Amino acid sequence: MADSTTTPLRIGVLLPTREQAITDSFAADPLLDFARHAEQLGFDSLWAGDSLTARPRLDPLVVLSAAGAVTSRVTLGTAALTPALRHPLVGANMISSLDHVCGSRLVLGLGSGFPMPETEAEFASVGASFKGRVGRLDDIVGLWRTAWGSDRPGAPTDYDGKYWQAEGLDRLPRPHRPGGPPLWLAGSDTPRVLERVARDYDGWLPFLPSAEAYGVARARIAELVEEAGRPADAVTPALYATVTVNRDAAAAQAELEHYIEHYYGRSLEQMSAIQAYGWGTAEHCAEWLASYVRAGARHLVLRIGSLDPEPQLKEIADVLLPALRSLA
């Protein structure tokens, strides 16, 4: 697993595609301005979430393609893409296309589907089976890796998985990056998730509410990576966290409460039991996130907990980024 003493800390921010959907203000220009501004302010990466009907938003692969055209340095990623919502061959082709647009700057955080009634209905709306969705995700990953590596001498061109089978995968366009973009598993810290990460994925993207739990899980992944015979730096330990910055802590909490209720239809108290949330001054949020950095997190994906996140972007960049980078 990536060594926290030698691996540079990277910090990214989520593009507000879901926020646009909540406020019914769909528009490309503000997203692209946000992307340019974030790159100028020194963020290392830009991310977009994925959902059709459960938590609707613009398609992340289309949005990141546009963001890739107006930026030159930042990594572009999905946090997280739900591959089951697209036919895997269509998904493979879209990802290859995007990787060419952004010149190998792509990272894919992948999820099997958040266990909520809205997600189950979303799967049904596209004819995807919610049952067995974890195994289906791993199967799609296997198909993608086969397709993207099919140009190697002697490499297979067919895939025969438990859920998906395909022939002639060498006919699909391959990504710009040889072998395809890194694939991170967006999951929790259950033993099964950690085993899958260590065996099959290039990164781990949880939203654990406890830095202590994060550190324990990260250490376990390192052990499992070694047992699997993979290089020690095979898995990037990342973190998906939400911050709301305001000099008035009570105002920050109120804004975050409002945001979460509109985002999930649930309370902050309910969601904070399973996700990582910090609020208050930028300095306080930096101290909170520092506990995860000390526990081994090497790539932070920050979601700004506000329906109007742009005003907080500069303060986060000016205060939080240098404070956290000094730790590394």
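Just the heavy atoms: all of them, side chains too, but no hydrogens, waters or symmetry mates, feed the values below. Since we're looking at a predicted model, the values are computed, not measured.
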Kindly write out the residues that satisfy side-chain contact (heavy atoms from CB on, under 4.5 Å) with S72, not counting sequence neighbours, or none if the list is empty.
E39
Would you please name every residue forming a salt bridge (charged side-chain N to carboxylate O under 4.0 Å, His left out) with E226, sequence neighbours left out?
none
Using the salt bridge (Lys or Arg N to Asp or Glu O under 4.0 Å) rule, collect all pairs that involve residues 138-154, keeping only residues at least two apart or in two chains.
D138-R196, R145-D202, D151-R174
Test side chain to side chain donor-acceptor pair (under 3.5 Å) on E261 and Y259; report intermediate values, then the result.
CA-CA 6 Å; E261 287 170 359; Y259 176 77; over 6 Å; no
What pairs of donor and acceptor atoms, side-chain ones from residues 185-192 against any protein atom, are under 3.5 angstrom apart with sequence neighbours left out?
from	atom 1	to	atom 2	distance (Å)
T190	OG1	V193	N	3.3

Side chain of E283, backbone of V319: donor and acceptor closer than 3.5 Å?
no
Name the orientation class of the two ring planes belonging to W288 and Y292 (parallel below 30°, tilted from 30 to 60°, perpendicular beyond 60°).
perpendicular
Just to verify, what does V126 make a side-chain contact (heavy atoms from CB on, under 4.5 Å) with, not counting sequence neighbours?
L52, L85, A128
Can S51 and E122 be said to form a side chain to side chain donor-acceptor pair (under 3.5 Å), step by step?
CA-CA 8 Å; S51 185; E122 179 176 67; 2.6 Å; yes
Can you list everything that forms a side chain to side chain donor-acceptor pair (under 3.5 Å) with E310? Sequence neighbours excluded, please.
H37
State whether D44 and R325 are salt-bridged, where the test is any N-O pair (Lys NZ or Arg NE/NH1/NH2 against Asp/Glu carboxylate O) under 4.0 Å.
yes
Establish whether W164 and L81 are linked, either directly or via other cluster members, by ILVMFWY side-chain heavy-atom contacts under 4.5 Å.
yes
Sequence neighbours excluded, which residues qualify as side-chain contact (heavy atoms from CB on, under 4.5 Å) partners of E118?
A54, M116, R266
Side chain to side chain donor-acceptor pair (under 3.5 Å) partners of T146, counting only residues at least two apart
none
Report yes if the distance between the aromatic ring centroids of H299 and W184 is under 6.0 Å, otherwise no.
yes
Show me the pairs that pass salt bridge (Lys or Arg N to Asp or Glu O under 4.0 Å) and involve residues 85-95, at least two apart or across chains.
D50-R86, D59-R86
Spatial distance of atom CZ (R294) from atom CG (L324) [nearest 0.5 Å]
9.0 Å
T17 versus R57, side-chain donor and acceptor atoms under 3.5 Å:
no
Which residue pairs satisfy the ring pair (Phe, Tyr, Trp, His ring centres under 6.0 Å) criterion with at least one member in residues 219-241, sequence neighbours excluded?
none
Share the residues that join L32 in a hydrophobic cluster, the rule being Ile, Leu, Val, Met, Phe, Trp or Tyr side chains under 4.5 Å apart at the heavy-atom level.
V70
Donor + acceptor pair across side chains of T236, R298 (<3.5 Å)
no
Any side-chain donor paired with an acceptor under 3.5 Å for S45 and W47?
yes
side-chain contact (heavy atoms from CB on, under 4.5 Å) with S112: which residues, sequence neighbours excluded?
R133, V134, L137
